[in-house]
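Just so you know, ligand 1 is whichever comes first in the structure, and atom 1 is the first atom listed for that ligand. As the structure is a prediction and not an experimental result, all values here were calculated from the model.
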Amino acid sequence: MAIFSMIAISFIGLTANAHTVAEQPQVVLTDLAAAKAVGGFILSEDEELGVATVYLNADQINLLSSLNHSQGKCAGFEVLNKEDSAQPGKVLRDLSQTHQRISFFKSALAPQINFNEDYQKLIDQASALELKKTVSWLASYHSRYHQSANPNQHVHDLKVKLNSWLRNAPWSYTIETIAHDSTKQLSLRLRIPGQRSPHEVVVLGGHLDSINKPDIDKPADPKARAPGTDDNASGSSNLIEALKLLKQVKSFDRTLEFYWYAGEEGGLLGSAEIAKEANANKRKIIGVLQLDMTLFAGSGQQVIGSISDFTSPGLRDLFYQINDLYIKSKVIESKCGYACSDHVSWHRQGYPAIMPTEASFKSMNKFIHTDLDLILPSSNFDHSNNFTKYATLFALVLGNSSIVIE
Ligand code: BES
Ligand code: ZN
């Protein structure tokens with residue numbers, strides 16, 4: 001680090017003597033891959049964030065700018081001031097530790113969104129206590145496994161409960177179970193038709209099923225207790241609680257679809273069929289939010305993961321903006337490394353999807369897929385409550401705008 005700082009200081013000396021600052025080399029904060037592509041001298045880099053501080057001459061800055069524009073993206077870089085130029089490592093540390101919008105310095109951008117006080121007032125009402133009640137109820141089923149003796153009891157019960165919870169909603173909705181070829185278990189869909197652009201659809205989903213399969217090499221026991229509290233009564237309940245909040249919104253421009261998927265633990269069974277059919281019918285899905293495991297704060301309080309494989313950079317950026325404006329958690333971009341949840345089904349059909357989750361992949365709850373995936377002292381309902389807020393905001397921001405993610 002000391003070496004980097006000395007280099008930066010001597011560069012600044014050069015800049016100060018210049019006639020026109022713009023033509024002189026500058027220290028720039030930008031996307032790591034873009035910095036390398038234009039041949040800049042990297043002063044510091046953060047591989048996980050995918051950003052770098054880089055020393056660039058005027059030609060390289062022009063190249064960086066046109067590189068981004070040629071890809072239909074905004075500039076996405078910032079020329080650092082004197083003080084920051086002298087401490088490029090600190091700039092990146094601050095960036096990762098504060099709530100700044102890291103994606104701005106990266107190349108893929110969603111349109112900029114603004115703070116909405118009404119949205120804030122709505123999410124302020126999200127209740128960790130109500131969430132706990134809903135999670136406890138779902139986890140009280142012996143199992144929600146797709147090959148259990150009674151794989152649909154909880155699906156039918158959720159349908160009945162949703163109708164009761166949404167009785168006085170100002171908007172009309174439909175709710176239906178969805179049968180599948182690949183499993184006997186049903187998925188559940190709740191649809192709120194959009195009032196302006198009903199053919200544009202915003203999807204929010206999570207898997208409702210659970211499994212008891214502690215050993216990867218052994219088959220699941222269809223009779224065993226599978227409470228699936230964190231995985232995934234938590235995400236399923238966030239969607240329910242978000243709907244209860246959205247009852248206070250008169251109408252939506254776009255159609256909202258909420259899914260509780262069947263058979264995720266059997267290999268993304270329900271979501272794969274649903275996403276495939278959406279594509280076959282050429283449905284215009286604007287964005288997909290997947291919630292899977294939100295109850296264990298394994299990376300710390302106010303720290304969450306954003307899964308970066310099989311997801312859309314543009315939609316991840318929109319999520320960063322939502323987080324920066326309202327929730328202000330630290331977001332760690334993290335890969336599953338394989339097709340770990342239902343967002344992959346949508347991604348494979350070409351739809352933009354995201355999966356914000358409880359922690360970075362390596363720090364996720366280790367009790368999942370066992371009879372110990374219960375409400376535990378480590379369960380954190382305030383942490384999970386933020387995911388109710390993310391879901392509510394996702395529905396509002398995409399459902400009441402004309403934002404399109406490239
Ligand atoms: N909730 C998990 C996915 C997960 C686990 C995400 C750990 C992040 C950290 C999901 O329900 C699951 O168990 N997925 C399976 C794969 C699926 C295709 C059967 C898995 O991870 O093994
Ligand atoms: Zn699982």
Exercise for the section: Would you mind checking which non-hydrogen protein atom is closest to atom 2 (C) of ligand 1, with the distance to 0.1 Å? Expected result: Asp292 OD2, 3.5 Å
Handout entry: Any N, O or S atom of Asp231 closer than 2.8 Å to the Zn ion (ligand 2)
Key = yes
Handout entry: Identity and distance of the protein heavy atom lying nearest atom 17 (C) of ligand 1
Key = Glu264 O, 3.9 Å
Handout entry: N or O contact, Cys340 vs ligand 1, cut-off under 3.5 Å
Key = yes
Completion exercise
atom 18 (C) of ligand 1 has as its nearest protein heavy atom Ala339 O, 3.5 Å
Exercise for the section: Verify the distance test for His369 against the Zn ion (ligand 2): any N/O/S atom under 2.8 Å, yes or no. Expected result: yes
Handout entry: Cation-pi, Trp260 ring and Lys159 (6.0 angstrom, 45 degrees)
Key = no
Completion exercise
atom 7 (C) of ligand 1: closest protein heavy atom, distance to 0.1 Å, is Phe361 CE1, 3.8 Å
Completion exercise
Among N, O or S atoms, Glu265 approaches the Zn ion (ligand 2) most closely through OE2
Problem - Derivation and outcome, ring pair (Phe, Tyr, Trp, His ring centres under 6.0 Å), residues Tyr338 and Phe310 - result: CA-CA 9 Å; Tyr338 61 98; Phe310 305 99; 8.5 Å; no
Exercise for the section: Examine the side chains of His207 and Asp292 and answer whether a donor and an acceptor come within less than 3.5 Å of each other. Expected result: yes
Practice task
Applying side-chain contact (heavy atoms from CB on, under 4.5 Å), run through Val397 and Ile322 and close with a yes or a no.
Solution key: CA-CA 8 Å; Val397 168; Ile322 289 173; 4.2 Å; yes
Problem - Ser44 and Thr53: side chain donor to acceptor below 3.5 Å - result: yes
Exercise for the section: Write out the residue and atom name of the closest protein heavy atom to atom 21 (O) of ligand 1, then the distance separating them to 0.1 Å. Expected result: Tyr338 OH, 2.6 Å
Problem - Heavy atom of Asn232, distance to ligand 1 below 4.0 Å - result: no
Handout entry: Glu265 contact mode with ligand 1 (heavy-atom cut-off under 4.0 Å)
Key = both
Practice task
Report the C-alpha distance between Asp157 and Lys161 in whole Å, list the side-chain angles of each, state the deciding distance to 0.1 Å, and finish with yes or no for salt bridge (Lys or Arg N to Asp or Glu O under 4.0 Å).
Solution key: CA-CA 6 Å; Asp157 292 351; Lys161 284 212 184 241; over 6 Å; no
Exercise for the section: Could you label the plane-to-plane angle of the Tyr141 and Trp137 rings as parallel, tilted or perpendicular, counting under 30° as parallel and over 60° as perpendicular? Expected result: perpendicular
